[in-house]
2 protein chains.
Amino acid sequence: MTVELERAAQAFSAMGSEPRLQVLLCLVRAGEAGLLVGDIQARTGIAASTLNHHLKFMAAAGLIDQEKQGRTIVSRANFDFLNHVGSFIIDQCCADACLADNGREVGVREKSDV
Amino acid sequence: MTVELERAAQAFSAMGSEPRLQVLLCLVRAGEAGLLVGDIQARTGIAASTLNHHLKFMAAAGLIDQEKQGRTIVSRANFDFLNHVGSFIIDQCCADACLADNGREVGVREKSDV
DNA sequence: TCTATATTTCTAGATATATCGAAATATTGG
DNA sequence: CCAATATTTCGATATATCTAGAAATATAGA
């Protein structure tokens, strides 16, 4: 579970900057077709070297996949992982002991309606 | 939408460190009852000043709420916001033009089963 | 092979974050 | 008011991240 926590934290961190989140949304919208580095650059205005850095960061976190095709690289959102990460917090809620040490009853919140 | 992007990035950033994510999970598990700073400290082993820093960070991002009660502070996960943030990425997918510029068809992913 | 295109690596300064001990502040109970 | 408890602020250092220009690499096409 610590491994999973670490992975989740890395994923959130990789989504936790405005430029990177912008890039991720571009890729999500592009769907399975993905986008070339140059496409993303054109859409976001991020400098090539900076963008490369961010893409590596996101790929390492598992948010995206990159596939080399000739002299271009196609980046795609990893939808399975994104779904998994998106539900991580709420999923974790009752996965463990749900009673607080101080003896107070633990409140029950309604299930996510997503 | 840029405002929302900024808020989302801040939220993800606030979840994007292992200690903070650990704290957040403690609070999620504690439910509406919440936890005192001392409770969290006891569970995570994070030094008081460090923990205070992280709690402020998370509160600023809207992940948690803090309420002063006498000489203690109760911290609670903001479940509404967490649900919202959790679905941000996937929600955004088809909120905008969903067709990539390069003309390729956009892939469809299954709905989250959460 | 030469050239243009696409991406990556290198380098480096600026900024932000993480950490924690010690001191300070607030509040309750006596 | 005093002592104990709970949390915050201060100060300081270490580490990480962000940014981007310039040079390097890889590949396709003429």
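Since we're looking at a predicted model, the values are computed, not measured. First the proteins, then the strands, lettered A, B, ... as listed; each starts at 1.
- Linking Ile, Leu, Val, Met, Phe, Trp and Tyr whenever their side-chain heavy atoms come within less than 4.5 Å leaves B:Leu21 and B:Phe57 in two separate clusters.
- Atom CD1 of A:Ile73 and atom CG of A:Leu35 lie 13.5 Å apart (nearest 0.5 Å).
- Rounded to whole Å, the distance from CD on B:Gln41 to C1' on D:dA6 is 9 Å.
- Taken over five-pair windows at either terminus, the axes of the helix from C:dT1-D:dA30 to C:dG30-D:dC1 are inclined to one another by 30° (rounded to 10 degrees).
- Here the CZ atom belonging to B:Phe88 is positioned 11.0 Å from the CZ atom belonging to B:Arg7, to the nearest 0.5 angstrom.
- Smallest separation of non-hydrogen atoms from A:Gly62 and A:Asn78: O-ND2, 3.2 Å.
- At D:dA6, none of the side-chain N or O atoms of B:Lys68 fall inside 4.0 Å of OP1 or OP2 (strictly under the cut-off).
- With a heavy-atom cut-off of 4.0 Å to chain A, the contacted part of DNA chain C has its first and last nucleotide at C:dA4 to C:dT9.
- The line from CD of A:Glu18 to CZ of B:Phe12 is 12.5 Å long, rounded to the nearest 0.5 Å.
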Report each atom pair, protein N/O against N/O of nucleotides 18-21 of chain D, whose distance is under 3.5 angstrom.
| from | atom 1 | to | atom 2 | distance (Å) |
| --- | --- | --- | --- | --- |
| D:dC18 | OP1 | A:Arg20 | NH1 | 3.4 |
| D:dC18 | OP1 | A:Arg20 | NH2 | 3.4 |
| D:dC18 | OP2 | A:Arg20 | NH1 | 3.0 |
| D:dC18 | OP2 | A:His53 | NE2 | 3.4 |
| D:dT19 | OP2 | A:His54 | NE2 | 2.8 |
| D:dA20 | OP2 | A:Thr50 | OG1 | 3.2 |
| D:dA20 | N7 | A:Ser49 | OG | 3.1 |
| D:dA20 | N7 | A:Thr50 | OG1 | 3.3 |
| D:dG21 | N7 | A:Ser49 | OG | 3.3 |
| D:dG21 | O6 | A:Ser49 | OG | 3.0 |

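- At least one donor-acceptor pair under 3.5 Å links the side chain of B:Asn83 to the backbone N or O of B:Phe79.
- In this structure, the side chain of B:Arg20 engages the main chain of B:Ser13 through a donor-acceptor pair within 3.5 Å.
- Annotation: the span from B:Gln10 atom CD to B:Met15 atom CE amounts to 11.5 Å, rounded to 0.5 Å.
- Taking CZ from B:Arg43 and CG from B:Leu27, the interatomic distance works out to 9.0 Å, rounded to the nearest 0.5 Å.
- Comparing A:Arg71 and B:Gln66, the nucleotide of DNA chain D nearest to each residue sits closer to the 5' end for B:Gln66.
- Atoms CG and NE2, on A:Leu63 and A:His54 in that order, are 13.0 Å from each other to the nearest 0.5 Å.
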